[in-house]
Structures are given as C-alpha cells and as structure tokens.
K.L.:
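Take a look at the following structure, please.
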2 protein chains.
Amino acid sequence: MTVTIYDVAREANVSMATVSRVVNGNPNVKPSTRTKVLETIERLGYRPNAVARGLASKKTTTVGAIIPDVSNIFFSELARGIEDIATMYKYNIILNNSDQNRERELQLIDTMYEKQVDGILFMSDNISKEHIEQFKGESVPVVLAATYDEKNRVPSVNINYEAAGYEATKYLIDQGNERIAFISGDKEAVINQLKYQGYIRALKESFLPINDDYILNNQYTHDDAVQSIQQLLEMTDKPTAVFTTSDELALGAIHGTQDKGYKVPEDLEVFGFNNTRLATMVRPALTTIDQPTYDIGAVAMRLLTKLMNKEEVEESNVILPHRIVERNSTK
Amino acid sequence: MTVTIYDVAREANVSMATVSRVVNGNPNVKPSTRTKVLETIERLGYRPNAVARGLASKKTTTVGAIIPDVSNIFFSELARGIEDIATMYKYNIILNNSDQNRERELQLIDTMYEKQVDGILFMSDNISKEHIEQFKGESVPVVLAATYDEKNRVPSVNINYEAAGYEATKYLIDQGNERIAFISGDKEAVINQLKYQGYIRALKESFLPINDDYILNNQYTHDDAVQSIQQLLEMTDKPTAVFTTSDELALGAIHGTQDKGYKVPEDLEVFGFNNTRLATMVRPALTTIDQPTYDIGAVAMRLLTKLMNKEEVEESNVILPHRIVERNSTK
DNA sequence: GTGAAAGCGCTAACAG
DNA sequence: CTGTTAGCGCTTTCAC
C-alpha cells in the first residue's frame with residue numbers, strides 16, 4: 001500500500017524521528033545518514049502525508065480564500081495575486097465563492113476553520129459585526145483584500161477609494177464637464193459608497209449641482225450599464241461625462257453610447273475603475289483608475305504570511321497607491 | 001483551548017464513538033441521546049476537526065484543481081462551474097495555477113497527492129505520458145476538463161473542437177469568403193490543433209487554397225491579435241474574414257481592424273471561440289462558438305464526484321454540445 | 001444502541 | 001546526532 005515514514009525508517013535502519021528530520025530539513029542529521037535516508041525515500045517513493053503532518057503539527061500550510069466570484073475579472077486577478085504569493089511561501093489556497101451572500105460567507109468561514117486553515121483571506125463588499133465576531137472567535141489570522149472595514153478592526157489591503165473617486169470626477173470637471181453622471185454597482189457596498197463620496201466631494205468643491213437623475217447606483221453588468229447610459233442620453237440636459245465604478249460598467253457605458261449613434265469621447269466622456277484587462281480591450285480604450293488589483297492580492301497574502309508566522313507587522317491596514325491612466329475614452 | 005470530541009463525550013456522558021455517530025449522521029443512535037449530544041455540541045461550540053477526520057477516515061472532502069490561469073476569463077468561468085458543483089457535493093477546492101508549465105504541473109499534482117485530495121481536476125493544453133503515469137500511479141480519480149487526451153486514457157469533459165473549427169470556417173465560407181485567416185494561441189496545444197484541423201477540412205472541402213500567410217498560430221493576448229491582424233490587413237490580397245481560437249483574440253482582431261480604419265464586418269468578418277462574457281462586451285458584438293464553459297467545469301466536477309464515490313459511470317469521456325452564436329461581427 | 005480501544009501517519013519533546 | 005514515546009482528534013471495528 002502507501003509507504004509511510006515508518007517503512008522508510010525500517011528500510012534505512014534509522015528511527016522515524018530521523019526520517020522526519022531529513023524530510024523537514026532539520027540540520028541535526030549526519031550527512032551520511034541523511035543521504036542514506038534520502039536514497040531510501042527515493043527508492044520507496046515515499047511521499048509525506050500532509051494530513052497526518054497537519055494533525056501532529058497543527059499547521060496545514062493551507063489558507064482559505066473567500067471571494068465573491070472568481071469568474072469576475074477583477075476578483076480573478078486578485079485571486080491570481082494571492083495564489084502566486086501563496087505558492088512562493090509554500091501555501092495552498094482553498095478557494096470559495098460567496099456571491100456576497102452573508103449567510104454563505106459566515107458558513108464558509110466556519111468550514112475554513114474546520115479544515116484548520118492557517119489563515120484566511122476575505123473579500124466582500126461589506127463586513128458586519130458577525131464577521132468580526134467570527135474572526136475574533138478564533139486565533140486564525142485574517143486579512144481583508146480589497147475589502148473595507150471603516151473601523152479597521154481587521155488587517156486589510158486597499159486603495160483610497162474616496163480619493164480615487166474624487167480624482168476621477170475632478171479630472172472630468174477639469175475637462176470642462178459640468179454634467180457628470182455616476183454609475184455604480186451595489187449601493188450597499190461600502191467601497192462604492194466611498195467612490196460616491198469622492199464624486200460628490202469633487203462636484204461640491206467646484207460648485208456643481210448634484211443631479212440625482214445622473215446617479216445610477218445599482219448596476220451590475222455590462223448590459224445594465226448599456227441600458228442605463230442610454231436612458232441618461234435621452235434626457236434633454238444629458239450628461240457629457242460619466243464616471244463608473246468598474247471597467248465592465250464603463251464598457252457598457254461606451255457601448256450603450258455607441259449603440260445610440262453617439263461618439264465617445266466627443267459626445268460622452270467615460271471614466272472607468274480598476275484598470276483590468278478589459279480597459280484595453282475596447283475602443284476607444286478606457287481612461288480609468290489603475291487599481292493594483294494583482295498587487296492587492298499579493299500584498300494581502302504576504303501580510304497574511306507574516307501574521308501566520310507571528311512576525312512583527314508595522315502597518316496592518318495597508319493603503320496601496322492608485323493612479324489615473326489616461327486613454328481615449330476621455331478627451 | 002479548542003474543544004474536542006472527547007470534551008463533548010465527557011460533558012454529555014457518552015463515549016466519543018457516540019458523539020462521532022451523531023456528528024456523522026449515523027442512524028444507530030437513540031433519539032434522546034442524539035438530542036443530548038447535539039445540545040452539548042451547541043453549548044460547547046464544538047467544531048469537528050477536518051484534519052483529524054481526514055487522517056482517520058482517509059477522506060478529506062477536498063479536491064485539487066490544476067488550472068492554467070484563473071485570471072484568464074475562460075478558465076475562471078470553468079473554475080466557477082467546478083466550484084459550484086463541488087460546493088453542492090460538500091467538497092472544497094484547492095486551486096492551483098500552472099501557467100501550462102509541465103514541470104510545475106507535475107509538481108502540483110504531487111503536492112495534491114501529499115495533501116491527500118480525494119480527486120483531481122486537471123486542465124492543460126497538453127497532457128503527456130508523464131502526466132498519465134503520474135495519474136495512474138495513485139488511486140486518486142482524475143478528470144480532465146476542457147483538456148484533450150487523444151487516447152482517452154483519463155476521464156474527460158470536452159466539446160468537439162475539430163467540428164467546431166470546421167463549422168466556424170464553413171460558416172465564413174458560406175458567407176462568400178474565400179480568403180479566411182486563422183489566428184490561434186499556442187500551436188502546440190492539442191485543442192488548437194483540432195480547431196486548426198477543422199479549419200483546414202472546411203477549406204479543402206470547398207476547394208479553397210490554404211495560404212500559410214493567413215495562418216498565425218502563436219498569438220496569446222488581445223494585443224498580439226491587434227498586431228497580427230494589422231499585418232494581415234497590409235497584404236495585397238488581404239483576408240476578408242478571420243477565425244480566431246478565442247474571444248480575446250477575436251476582440252483583438254476587431255480592434256486591430258478598427259484601429260486601421262477598416263470596418264467589421266464590412267471589411268473583415270470576425271469569428272470567435274468560447275462565447276465568454278467578452279463576446280457581448282465589444283462592438284460589433286462577436287459571432288462565436290458557444291462553448292458551455294461553465295458546464296464543462298460543472299460536468300467535470302460531477303463526473304469526479306461519481307468517480308470518488310465509486311459509482312458506475314456510463315461514459316467517462318464526455319463530449320458536450322457546442323453551437324454557433326451569430327452576432328454582428330459577421331455579415 | 002453504545003462503549004472500548006486500536007490505529008490513521010506524523011511531529012515534538014525528551015533522553016541519551 | 002539519533003531514538004523513544006506520547007500524543008494530535010477522529011473513525012472504525014468489535015464487543016456487549
């Protein structure tokens with residue numbers, strides 16, 4: 001059957017402890033016996049059992065990642081960043097889709113605890129008291145990635161969404177636009193609210209009126225945005241620019257505009273968010289906020305490795321830089 | 001510290017065996033003692049340790065998924081299909097990115113065995129003898145998803161790529177095109193070769209010449225396709241249509257054409273592959289082969305559950321249907 | 001319907 | 001530098 005550490009020990013005429021030492025790279029082994037053990041491991045085709053190891057050592061070298069939806073391009077880029085750093089530090093990722101469903105999120109966290117993960121990476125639009133309680137109830141470190149907790153109760157990696165929203169809107173204002181629409185995803189999502197606040201701040205600062213008709217904050221897909229931009233374009237005082245909270249929505253805005261016979265950016269300037277790969281896969285190419293998506297995942301995972309390793313962490317609520325990438329969807 | 005099955009047993013005045021039985025839904029427990037145990041589980045906040053359980057039962061309810069790149073939209077949709085069915089059957093997924101690197105793939109498979117996964121879902125452009133040997137060396141069931149092994153040595157879920165390639169090309173021919181280009185990803189990938197064979201078969205069947213200059217088979221990204229289509233468009237006898245092996249490449253072809261001042265589909269008809277979400281996120285919207293990406297993942301995972309459960313499987317090399325979706329990138 | 005006891009394969013003191 | 005010995009927390013016969 002399967003060959004165990006015991007078989008190797010017997011065949012190599014050493015104790016299991018010694019085999020364990022060489023497998024774990026413990027230096028306290030005489031070179032000659034090390035080679036002997038290594039040889040018989042090779043010969044027998046021994047492969048350590050991570051489950052047994054996990055039970056004995058209370059470490060599984062596995063982390064749980066709870067993500068709204070891997071098939072969403074933003075999150076899949078995040079996931080890739082997480083995965084790459086995890087690999088670098090010899091961790092495996094158990095990936096779970098939550099669809100932002102709170103019940104499911106809570107249940108997934110529980111399952112991750114059952115599986116004895118060494119750490120958790122959590123992504124969601126909103127985190128509640130129940131989330132925090134569940135995290136605090138265990139000693140497993142948690143890091144939030146692209147997920148905002150106003151009270152910073154949990155380590156996290158984000159960008160400054162409010163500033164980004166402000167800058168995008170300001171950019172549009174500086175282009176001479178006075179009627180700027182705002183198209184966002186779920187309005188309950190804290191991150192979208194922050195972007196919205198930035199939008200409002202920029203308008204107010206320039207003494208521009210806030211027109212509720214220009215604000216559509218429950219759009220989810222490309223096609224939703226196609227619809228809603230067309231609706232805006234039918235107004236008599238139609239907007240001349242739109243700021244959207246994701247690139248996918250921005251593509252929808254561009255296409256909706258074009259479908260109606262208008263031109264981007266001549267008739268409508270479009271500003272996106274995230275700078276996902278979609279941003280260059282459209283014509284005109286999208287002006288957008290470059291959010292270092294991959295890096296957020298990578299930095300969050302790196303932070304988690306430090307936490308799991310009980311290393312000192314200077315700053316546990318990391319804010320990564322963002323910037324405006326100008327392309328042709330704005331003048 | 002953490003509460004174990006032993007603590008529950010003591011508190012409930014039963015043996016660990018009984019606690020184990022109620023936790024596992026074993027019917028041989030008197031209802032009254034079941035409730036008693038359930039209550040103390042609740043009271044103590046007992047949560048079974050999946051690692052210990054895995055060691056004792058030799059089942060981890062975890063499956064390994066080895067995927068080229070989650071951040072690729074095609075694979076992320078596949079991954080989502082896998083994940084959803086896995087959840088349905090109470091399995092967790094350990095997700096690994098291989099970047100199609102054979103060394104890495106082999107090493108990941110090994111890691112999955114170490115982690116004692118109950119099954120493996122494998123995705124790659126090519127599978128070699130080494131892969132097969134590694135799979136056969138263990139009794140862990142494996143299913144290939146959107147991954148073709150000519151010899152059907154491993155259970156798999158695919159579509160008929162050759163037929164799809166043929167149909168796409170035939171469609172373009174029936175539109176009156178005689179100069180049809182072919183833009184594909186890695187030419188070493190078996191799946192791309194099959195699509196290519198279908199392309200060739202359609203041309204031959206209609207007695208159309210095969211022009212090697214029209215065949216560009218090592219394009220990976222949207223921007224690669226932008227370049228290469230522009231190159232084709234500079235030829236004196238430029239193609240009037242192009243068949244690409246992915247939607248991303250098709251978007252590149254569309255945008256390259258438009259960037260050069262030509263129109264799609266008037267000057268060039270473009271045919272994609274996969275019908276990912278990208279297909280409707282472009283103007284003109286993309287005519288493409290609808291490959292049931294999510295379903296391939298879902299069916300593959302379902303097949304794997306049967307294999308893990310040692311159920312009878314009527315057909316272990318599943319071919320799912322595909323179809324042409326007509327949109328506006330063709331006339 | 002319930003309990004006792006033997007592992008599952010490995011790590012981690014502790015000796016020597 | 002190496003071996004002995006407890007467990008880690010649970011499942012699973014096998015009795016009763």
Side-chain angles (χ1 to χ4, degrees), chain A residues 1-38 40-41 44-62 90 111 113-118 138-140, chain B residues 1-38 40-41 44-62 90 111 113-118 138-140:
Chain A
M1 273 291 295
T2 60
V3 12
T4 73
I5 200 172
Y6 182 77
D7 300 320
V8 176
R10 183 169 28 73
E11 290 287 315
N13 291 312
V14 295
S15 71
M16 343 180 354
T18 300
V19 178
S20 177
R21 286 190 190 98
V22 346
V23 168
N24 291 296
N26 184 316
N28 295 335
V29 182
K30 196 181 356 161
S32 67
T33 86
R34 178 185 300 282
T35 22
K36 184 174 61 178
V37 171
L38 250 18
T40 89
I41 283 179
L44 269 45
Y46 167 71
R47 177 190 292 129
N49 178 326
V51 173
R53 205 192 276 226
L55 183 59
S57 69
K58 298 181 168 306
K59 289 197 187 321
T60 54
T61 62
T62 299
K90 312 280 186 213
T111 305
Y113 287 146
E114 278 192 16
K115 295 265 178 175
Q116 314 296 121
V117 296
D118 294 339
E138 297 280 323
S139 59
V140 177
Chain B
M1 275 286 299
T2 60
V3 13
T4 73
I5 199 172
Y6 182 77
D7 300 320
V8 177
R10 184 170 25 75
E11 289 287 315
N13 290 314
V14 295
S15 69
M16 336 174 9
T18 299
V19 179
S20 176
R21 287 191 188 94
V22 346
V23 168
N24 292 294
N26 184 318
N28 294 335
V29 182
K30 200 185 345 169
S32 67
T33 85
R34 176 185 303 281
T35 24
K36 184 174 59 177
V37 171
L38 251 18
T40 87
I41 283 179
L44 269 46
Y46 167 71
R47 177 190 293 130
N49 178 326
V51 172
R53 205 194 277 228
L55 183 59
S57 69
K58 300 184 168 303
K59 289 198 186 322
T60 54
T61 63
T62 300
K90 313 279 185 213
T111 306
Y113 287 146
E114 278 191 17
K115 295 265 178 171
Q116 313 300 119
V117 295
D118 294 340
E138 297 281 323
S139 60
V140 177

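Lettering of chains follows the sequences in order, A, B, ..., and the numbering in each one begins at 1.
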K.L.:
Nearest-nucleotide wise, let me know which of B:Ser15 and A:Val51 is further upstream toward the 5' end of DNA chain C.
P.N.:
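Of the two residues, B:Ser15 wins.
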
K.L.:
Looking only at non-hydrogen atoms, find the nearest pair between B:Gln116 and A:Asn49 and report the distance.
P.N.:
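Heavy-atom minimum between the residues: CG-OD1, 3.4 Å.
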
K.L.:
Round to the nearest Å and state the distance from B:Lys115 atom NZ to C:dC10 atom C1'.
P.N.:
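Spelled out: NZ on B:Lys115 to C1' on C:dC10 is 14 Å.
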
K.L.:
Across the strands shown, which category fits B:Asn49 at heavy-atom distances under 4.0 angstrom: base, sugar-phosphate, nothing?
P.N.:
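Counting heavy atoms under 4.0 Å across all strands, the contact made by B:Asn49 is with sugar-phosphate only.
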
K.L.:
On DNA chain D, which is the earliest and which the latest nucleotide, 5' to 3', with an atom closer than 4.0 Å to a heavy atom of chain A?
P.N.:
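Listing 5' to 3', DNA chain D meets chain A from D:dC1 to D:dG9.
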
K.L.:
Minimum heavy-atom separation for B:Glu11 and B:Leu44, please, with both atom names.
P.N.:
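Minimum heavy-atom separation between B:Glu11 and B:Leu44: CG-CD2, 3.7 Å.
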
K.L.:
Apply the test side-chain contact (heavy atoms from CB on, under 4.5 Å) to residues B:Ile5 and B:Val23: give CA-CA distance (whole Å), side-chain angles for both, the deciding distance (0.1 Å), then the verdict.
P.N.:
CA-CA 10 Å; B:Ile5 199 172; B:Val23 168; 5.5 Å; no

K.L.:
Looking at every heavy atom in both B:Val3 and B:Gly45, which two are closest together, and how far apart are they?
P.N.:
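Smallest interatomic distance, heavy atoms only, reads CG1-O, 4.0 Å.
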
K.L.:
What's the CG-P distance between B:Asn26 and C:dT2, to the nearest Å?
P.N.:
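For the pair B:Asn26 CG and C:dT2 P, the rounded distance is 11 Å.
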
K.L.:
What's the CZ-P distance between A:Arg47 and C:dC10, to the nearest Å?
P.N.:
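Computing the A:Arg47:CZ to C:dC10:P distance gives 12 Å.
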
K.L.:
Look at all strands and tell whether A:Val14 reaches a base, only sugar-phosphate, or nothing, counting heavy atoms closer than 4.0 Å.
P.N.:
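Sugar-phosphate, no base atom in range.
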
K.L.:
What pair of heavy atoms forms the shortest contact from A:Val51 to B:Leu55, and how long is it?
P.N.:
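Taking A:Val51 first and B:Leu55 second, the nearest heavy atoms are CG1-N, 3.5 Å.
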
K.L.:
Start with the C-alpha gap between B:Thr62 and A:Lys115, add the side-chain angles, then the distance that decides, and say whether side-chain contact (heavy atoms from CB on, under 4.5 Å) holds.
P.N.:
CA-CA 10 Å; B:Thr62 300; A:Lys115 295 265 178 175; 2.8 Å; yes

K.L.:
Between C:dA5 atom C1' and B:Tyr6 atom OH, what is the distance in whole Å?
P.N.:
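Atom OH in B:Tyr6 sits about 13 Å away from atom C1' in C:dA5.
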
K.L.:
Quick one, give me the B/S/- string for nucleotides 11-16 of chain C, reading 5' to 3', where B means a protein heavy atom under 4.0 Å from the base and S means that only happens at the primed atoms, P, OP1 or OP2.
P.N.:
BB----

K.L.:
Over the length of the helix from C:dG1-D:dC16 to C:dG16-D:dC1, how much do the five-pair end axes diverge, rounded to 10 degrees?
P.N.:
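Rounded to the nearest 10 degrees, the bend comes out at 30°.
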
K.L.:
Round to the nearest Å and state the distance from B:Asn28 atom CG to C:dG1 atom P.
P.N.:
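These atoms are roughly 6 Å apart.
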
K.L.:
Determine whether a donor-acceptor pair (N or O, by modelled atom type, separation under 3.5 Å) exists between the side chain of A:Ser57 and the backbone of A:Arg53.
P.N.:
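Flag set: sc A:Ser57 to bb A:Arg53 pair under 3.5 Å.
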
K.L.:
Do you know which two heavy atoms are closest between B:Thr4 and B:Tyr46, and how far apart they sit?
P.N.:
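Answer, listing the atom of B:Thr4 first, then B:Tyr46: C-CE1, 3.6 Å.
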
K.L.:
Nearest 0.5 angstrom please: B:Lys36 NZ to B:Thr40 OG1, how far?
P.N.:
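These two atoms lie 9.0 Å from each other.
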
K.L.:
Is there a donor-acceptor contact under 3.5 Å from the side chain of B:Asn26 to the main chain of B:Asn28?
P.N.:
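Here the side-chain-to-backbone pair exists.
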
K.L.:
Please report the closest heavy-atom contact between B:Arg21 and B:Val29, naming both atoms and the distance.
P.N.:
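So the two residues come closest at CB-CG2, 3.6 Å.
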
